[in-house]
Amino acid sequence: MRTTKLDTTEFSFDILGPGGIPGGRITHQYAPAPGGISFYAETVIEVTAPVLGRLMNRILRPLLFSKATADHWIRHNTQETGRTHDILPALYAAAHPEGR
């Protein structure tokens, strides 16, 4: 993995394959919203290497990232994000001990 953006609006990173070739990216975007925060997650599985990338995406991507794998990934992200409200207050309190 290689972090490409980490700030108050987004945490994004590239998924790196053999030789450091990007094989995809994951983006998490967040923003204040009425009553809390909005959260958006996107996963793109795509080899961006010139010439071989198109071939690898067509042949290997379905083998390495099948519909079943995508379904499991969606379930994982839903469960993980669904626990944020349990974890975030403790992390905030640890980072801001003066507020206790």
Check: Please, which pairs that meet side chain to side chain donor-acceptor pair (under 3.5 Å) have at least one residue in residues 34-46, sequence neighbours excluded?
Finding: Y40-E42, T43-W73
Checklist line | side chain to side chain donor-acceptor pair (under 3.5 Å) involving T9 - partner list, sequence neighbours excluded | finding: D7
Next item on the list: Quick one: name the residues clustered hydrophobically with V44, using the 4.5 Å side-chain heavy-atom rule over I, L, V, M, F, W, Y, and just say none if it's on its own.
Entry: none
Next item on the list: Please name all residues satisfying side chain to side chain donor-acceptor pair (under 3.5 Å) with Q29, sequence neighbours left out, ordered by chain then number.
Entry: E10
Next item on the list: Can you see which heavy atom on H28 is nearest to which on A41, and at what distance?
Entry: CD2-CB, 3.6 Å
Next item on the list: Compare all side-chain heavy atoms of L6 with those of F13 and state whether any distance is below 4.5 angstrom.
Entry: no
Note to self: Tell me every residue that passes ring-ring contact (aromatic ring centres under 6.0 Å, His included) with F65, counting only those two or more places apart in sequence or in another chain.
What the structure shows: none
Going by atom type alone, with no hydrogens or angles, which donor-acceptor pairs under 3.5 Å involve a side-chain atom of residues 50-59 and a protein atom two or more places apart or on another chain?
{"from": "N57", "atom 1": "OD1", "to": "V47", "atom 2": "N", "distance (Å)": "2.7"}
{"from": "N57", "atom 1": "ND2", "to": "V47", "atom 2": "O", "distance (Å)": "3.0"}
{"from": "N57", "atom 1": "ND2", "to": "G53", "atom 2": "O", "distance (Å)": "3.0"}

Check: Does S66 have any side chain to side chain donor-acceptor pair (under 3.5 Å) partners at least two apart in sequence or in another chain, and if so, which?
Finding: T69
Notebook entry, point to check: Taking the hydrophobic residues Ile, Leu, Val, Met, Phe, Trp and Tyr, and joining any pair whose side-chain heavy atoms are under 4.5 Å apart, which ones share a cluster with L88?
Noted result: none
Margin query: Tell me which pairs pass salt bridge (Lys or Arg N to Asp or Glu O under 4.0 Å) where either residue lies in residues 69-80, with sequence neighbours left out.
Written below: K67-D71
Checklist line | side chain to side chain contact (heavy atoms under 4.5 Å, CB included) against I37, all qualifying residues, sequence neighbours excluded | finding: Y30
Next item on the list: With sequence neighbours excluded, tell me which residues meet side chain to side chain donor-acceptor pair (under 3.5 Å) with R83.
Entry: D86
Next item on the list: State yes or no: do I45 and M1 share one hydrophobic cluster built from I, L, V, M, F, W and Y residues joined by side-chain heavy-atom distances below 4.5 Å, directly or via other members?
Entry: yes
Which pairs would a plain distance check flag for residues 14-26, meaning a side-chain donor or acceptor within less than 3.5 Å of a matching protein atom at least two apart in sequence or in another chain?
{"from": "D14", "atom 1": "OD2", "to": "R2", "atom 2": "NH2", "distance (Å)": "2.9"}

